[in-house]
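Note sheet for the following structure.
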Amino acid sequence: MLIKIKRSWELPDSAATDEAFFRDRRRIAKGLAAGSILAAGFGAGLTGGSRAARAADDPTADLYPVPRDEGYQVDRALSDESDVTSYNNFYEFGSHKQIAEAAQALELRPWQIRIDGLVEEEKTLDIDALIRAMPLEERVYRHRCVEAWAMTVPWTGFPFAELVKRAKPLSKAKYIRMTSLADEATMPGIRAGWYPWPYTEALTMEEATNDLAFLATGLYGKPLPKQNGAPLREVLPWKYGFKSIKSIVRFTFTEERPVGFWEEIQKSEYGFWANVNPDVAHPRWSQASERLLSTGESVPTRLFNGYGEQVAHLYKGLETEFGDRLYR
Ligand code: MTE
């Protein structure tokens, strides 16, 4: 028998702030479902997100919205969709937050995902076939950027563990390196050239197969906008946001621990683990509090961004080896 125990980060029933509104919008959008274009356009109208409407040219748009998994809720209101889609970090398009317009140059199809390294058989997957084969669900997660701003987002996607299962890694594989698209023709940041492109990030196999590790294909009940990392990005709610790599084209299974994009640039500030911790300051600023997108409110940062119950065990015993390095 399944016994559901409420976990520390779940929303009390009485506090379902934006939920009724969100559900209602979804019901109406479903009712309209003469076509995904209509549904996406309706959502865009509500949030002023003309960029979201452009996501309607995604061939998987008919899959949205999908049911929310109520097991993943947080005790915070959702951030406004218009903020989440207009305040972004995507250095391939520029090193400032207003990259949404520039990111529209990202070409989403054809898009293939390469699975290689220590796997039974290396392969290339078509993104549409992959997304359609995956058990899509919606999860509301807190997101905490290393720069001390935070947001709360309803992501659509599938557990990272599902991809790992299909990749069939060899027992020697200990890490997974993810690689973002690096296209000089459409990404002005890449042409600028002083960063170690492509953007890469990595996780241990245990982290990637943890229940919280998620690969997102959408947000707010629609396909992912380009600026948020379409067509496939990682979402790791207990780690600083730079670990949640966007627009992924490759998953490589390795025995050696890979060095990520930011770690290569500045190891002392952006380490491999990057677990959220209010008590370990970034060398240039405190991490004790965070500013919420949309409200501007400043709230205390939580260890593992409030997800300690789900992930703290992954780091047991590593404190002696890595100390503060587990957190920055
Ligand atoms: N992925 C790529 N490829 N390029 C980036 O610049 N920025 C990271 C992460 N993933 C980044 C990336 C950082 S620092 C953060 S905080 C999040 O994306 C921001 O995601 P958002 O724009 O959807 O809020």
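Numbering of ligands and ligand atoms starts at 1, following listing order. Just so it is clear, the structure is predicted and the values come from calculations on it, not from any experiment. Below, all heavy atoms of this structure are taken into account, side chains as well, without hydrogens, waters or symmetry copies.
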Apply ring pair (Phe, Tyr, Trp, His ring centres under 6.0 Å) to the pair Y315 and Y327, showing each step before the final yes or no.
CA-CA 11 Å; Y315 309 103; Y327 307 104; 7.7 Å; no
side-chain hydrogen bond (donor to acceptor under 3.5 Å, both in side chains) contacts in which one or both residues fall within residues 149-159, not counting sequence neighbours:
E147-W149
Hey, which atoms in ligand 1 end up nearer than 4.0 Å to a heavy atom of F90?
3 (N), 4 (N), 5 (C), 6 (O)
Under 4.0 Å from a heavy atom of S180: give me the atoms of ligand 1 that qualify, with their elements.
3 (N)
Less than 3.5 Å apart, any donor N or O on the side chain of N88 or K97 sitting next to an acceptor on the other?
no
Protein heavy atom at shortest distance from atom 21 (P) of ligand 1
K246 NZ, 3.4 Å
Provide the number and element of each atom of ligand 1 under 4.0 Å from a heavy atom of N88.
21 (P), 22 (O), 23 (O)
Between D58 and K226, does at least one N-O distance fall below 4.0 Å, as a salt bridge requires?
no
Logged contact type for Y91 with ligand 1, heavy-atom cut-off 4.0 Å, is both
Parallel, tilted or perpendicular, as decided by the 30° and 60° cut-offs, for the rings of H282 and Y270
tilted
Protein residue, atom and distance nearest to atom 23 (O) of ligand 1, heavy-atom basis:
R233 NH1, 2.6 Å
Identify, for atom 17 (C) of ligand 1, the protein heavy atom at the shortest distance, and state residue, atom and that distance.
G241 O, 3.7 Å
Measuring from the heavy atoms of W197, does anything fall under 4.0 Å of ligand 1?
no
Charged N to carboxylate O below 4.0 Å: is that the case for R109 and E107?
no
What do we get for Y270 next to ligand 1 when only non-hydrogen atoms under 4.0 Å count, side chain, backbone, both or neither?
neither
In the protein, which heavy atom is nearest to atom 14 (S) of ligand 1, and how far is it?
N89 ND2, 3.4 Å
Salt-bridge test for R302 and D75: reply yes if a basic N is under 4.0 Å from a carboxylate O, no otherwise.
yes
List the closest protein heavy-atom neighbour of atom 16 (S) of ligand 1: residue, atom name, distance to the nearest 0.1 Å.
C145 SG, 3.3 Å
Between H143 and ligand 1, find which residue part has any heavy-atom pair under 4.0 Å and reply side chain, backbone, both or neither.
side chain
Record the part of S244 in heavy-atom contact with ligand 1 below 4.0 Å; permitted values are side chain, backbone, both and neither.
backbone
Does ligand 1 have any atom sitting under 4.0 Å from a heavy atom of E201?
no
Proximity winner for atom 2 (C) of ligand 1, if only heavy atoms of Y199, Y87, W155 are counted
Y199
Does E147 have a non-hydrogen atom less than 4.0 Å from ligand 1?
no
Tell me whether E201 is salt-bridged to K243, with the criterion being a basic N under 4.0 Å from an acidic carboxylate O.
yes
Can a side-chain donor-acceptor contact be found between T85 and Y220 if the only test is distance below 3.5 angstrom?
no
Could you tell me which atoms of ligand 1, counted from 1 in the order shown, lie closer than 4.0 angstrom to a heavy atom of M151?
24 (O)
Which heavy atom of the protein is the closest neighbour of atom 4 (N) of ligand 1, given with residue, atom name and distance?
E92 OE1, 2.8 Å
Over 60° means perpendicular and under 30° means parallel, so tell me whether W197 and Y195 are parallel, tilted or perpendicular.
perpendicular
N-O pairing of E234 and K246 below 4.0 Å:
no
